[in-house]
Amino acid sequence: MSTSGQPQFRYTQTPSKVLHLRNLPWECIEEELIELCKPFGKIVNTKCNVGANRNQAFVEFADLNQAINMVTYYASSSEPAQVRGKTVYIQYSNRHEIVNNKGPGDVPGNVLLVTIEGVEAGDVSIDVIHLVFSAFGFVHKIATFEKAAEHVGSCHLRISYSAHTDLNIKFQSHRSRDYTNPYLPVNPTAIEGFAQPAVGPDGKKKELESNVLLASIENMQYAVTVDVLHTVFSAFGTVQKIAIFEKNGGTQALIQYPDVTTAAVAKDALEGHCIYDGGYCKLHLSYSRHTDLNVKAYSDKSRDYTIPESGLLAMQQAPGVPAAATVWQNPQASPMFPGSEFAGGGAMPAQSSAGRVPSWDPNMQAGRPTFVSVPRTFPGQTYALSSVQAYASASTPGGSSPLVQSGQISSTMSPLGVSQPVHQPNMRPGGSLPPGQSPYYVTKVSRTWVRSHTSQ
DNA sequence: AGCACA
């Protein structure tokens with residue numbers, strides 16, 4: 001021991017719950033390791049086919065004593081540990097845990113998690129997905145869902161393994177198929193695809209609603225920033241995301257609310273109105289075919305307000321949020337995706353369901369006649385106005401302030417309108433409102449203000 | 001037969 005090298009060759013190694021196995025057949029698979037080791041305890045991790053010859057492996061026990069039991073057993077056993085007839089040499093590893101470089105998506109399984117990047121939802125139909133993957137064998141089932149992406153790029157497939165072994169498909173629809181069950185009911189509205197116009201009870205085609213509004217901005221004399229849009233559209237509810245872009249030489253914006261109801265109220269209230277007095281920046285609103293925008297969290301052209309900037313902020317968001325708000329928000333969406341059902345393999349971080357879809361008034365959205373949410377005072381409401389006025393001085397010449405002098409809107413955004421709480425907590429959704437006084441308006445302005453400003 | 005992975 002005068003030389004300080006080769007310490008790992010000593011059999012005086014300190015015990016570890018990780019064991020190092022040598023002389024394995026290179027074909028050895030994880031199941032064989034588990035077979036060999038599990039009589040001694042619970043195996044929490046393995047790594048096989050290690051080393052240049054792929055004939056080594058590591059096994060991690062839940063408990064140190066289990067590893068000790070295995071080492072001591074084979075140290076005195078007349079029957080050596082064997083895999084496929086080869087004697088396996090077992091020692092304590094010099095590490096105390098197996099670092100698994102492989103994420104959950106790397107664990108092989110029969111279900112693939114496919115992420116299609118750089119396309120809008122619905123651009124790649126389920127039939128196309130089926131066709132592509134059928135090239136490699138019979139596709140049993142497909143379930144699709146939308147997930148906010150970090151970035152937009154060209155159309156690429158990212159494929160990993162899902163943690164699921166089976167998909168629970170409830171309907172055949174444009175979002176999900178079960179090719180093994182011909183008797184599965186078809187969701188008649190969903191199978192058509194959400195690009196199809198819906199037909200109302202009167203037989204007339206009605207505009208397909210969405211929680212995302214497309215705003216075309218006409219006569220854009222003044223800059224319309226994300227902040228200005230946020231201020232304007234927050235008057236009707238929580239604005240989740242905004243994206244501004246150029247199209248056909250004009251400026252358009254997408255404004256995402258948590259639900260269709262809020263978007264509808266905003267659309268009706270703002271359609272044809274101007275952000276600035278004097279006919280500047282006139283808004284034309286329609287429903288987008290998007291239900292969830294893929295936007296940069298913070299840029300000059302986009303904002304994602306759903307990304308919590310602190311844990312505290314996340315806690316301030318409404319409790320009791322439905323797991324998958326988009327399901328009931330979109331009348332065309334099939335009702336078979338209760339949130340995390342397909343969220344295996346790290347497809348959806350836990351925050352993506354509850355944290356991402358703050359819907360502050362689920363009772364109203366569910367169409368129930370009464371509000372359960374407690375009416376309260378809104379200390380932020382006067383600030384909502386002042387934030388509007390701030391834009392007036394900051395971004396427009398001559399003190400023309402956003403939405404301050406344009407008919408119905410100005411009456412609620414005016415100091416008088418805001419300082420008088422007109423909140424009527426038991427008003428039915430869709431009930432007739434006093435002209436220019438929407439209960440959504442005042443309450444949601446203040447709430448949104450509090451939320452967005454406390455986050456900065 | 002003798003310690004992975006970035």
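Please read these numbers as outputs of a predicted model, since none were measured by experiment. Just so it is clear: chains get the letters A, B, ... in the order the sequence lines come, proteins before strands, and each one is counted from 1.
Aromatic ring orientation, A:H20 versus A:F58: parallel (interplanar angle below 30°, classes split at 30° and 60°).
One interatomic measurement links the two molecules: CG of A:L33 to C1' of B:dC3, which rounds to 14 Å at whole-angstrom precision. Between the OH atom of A:Y92 and the C1' atom of B:dA4 there is a distance of 20 Å, rounded to whole Å. The separation between A:E97 atom CD and B:dA6 atom C1' is 15 Å, rounded to whole Å. A straight line from CG of A:N94 to P of B:dA1 spans 20 Å, rounded to a whole angstrom. Atom CG of A:N55 is separated from atom P of B:dC3 by 10 Å (rounded to the nearest Å). Atom pair A:N49:CG and B:dC3:C1' shows a separation of 15 Å (rounding to whole Å applied). Distance A:N53 CG to B:dA4 P: 13 Å, rounded to the nearest Å. Going from atom CD of A:Q91 over to atom P of B:dA4 covers 14 Å, rounded to whole Å.
Residue A:Q56 places none of its side-chain N or O atoms closer than 4.0 Å to OP1 or OP2 of B:dA1.
A:E60 comes within contact range of no nucleotide atom at all, as no heavy-atom separation falls under 4.0 Å.
The ring of A:Y89 does not lie on top of the base of B:dG2; it is either too far (5.5 Å or more) or too tilted (30° or more).
Nearest heavy-atom pair across A:A215 and A:F233 is CB-CZ, 4.4 Å.
Considering only side-chain atoms of A:R95, the nucleotide from B:dC3, B:dG2, B:dC5 that sits closest is B:dC5.
Contacts of A:A264 classified as side chain to side chain contact (heavy atoms under 4.5 Å, CB included), with partners at least two apart in sequence or in another chain: A:E209, A:Y287.
Less than 4.0 Å separates DNA chain B from at least one heavy atom of each of the following residues of residues 17-25 of chain A: A:H20, A:R22, A:N23.
Between the A:S125 side chain and the A:V128 main chain, a donor and an acceptor come within less than 3.5 Å of each other.
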Please table the atom pairs, donor to acceptor, closer than 3.5 Å between any side-chain atom in residues 109-116 of chain A and protein atoms at least two apart or in another chain.
from	atom 1	to	atom 2	distance (Å)
A:N110	ND2	A:T165	O	2.9

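Checked against the 6.0 Å centroid threshold, A:Y257 and A:F236 do not count as a close aromatic pair.
Side chain to side chain, A:Q13 and A:N94 fail the donor-acceptor criterion of an N or O pair below 3.5 Å.
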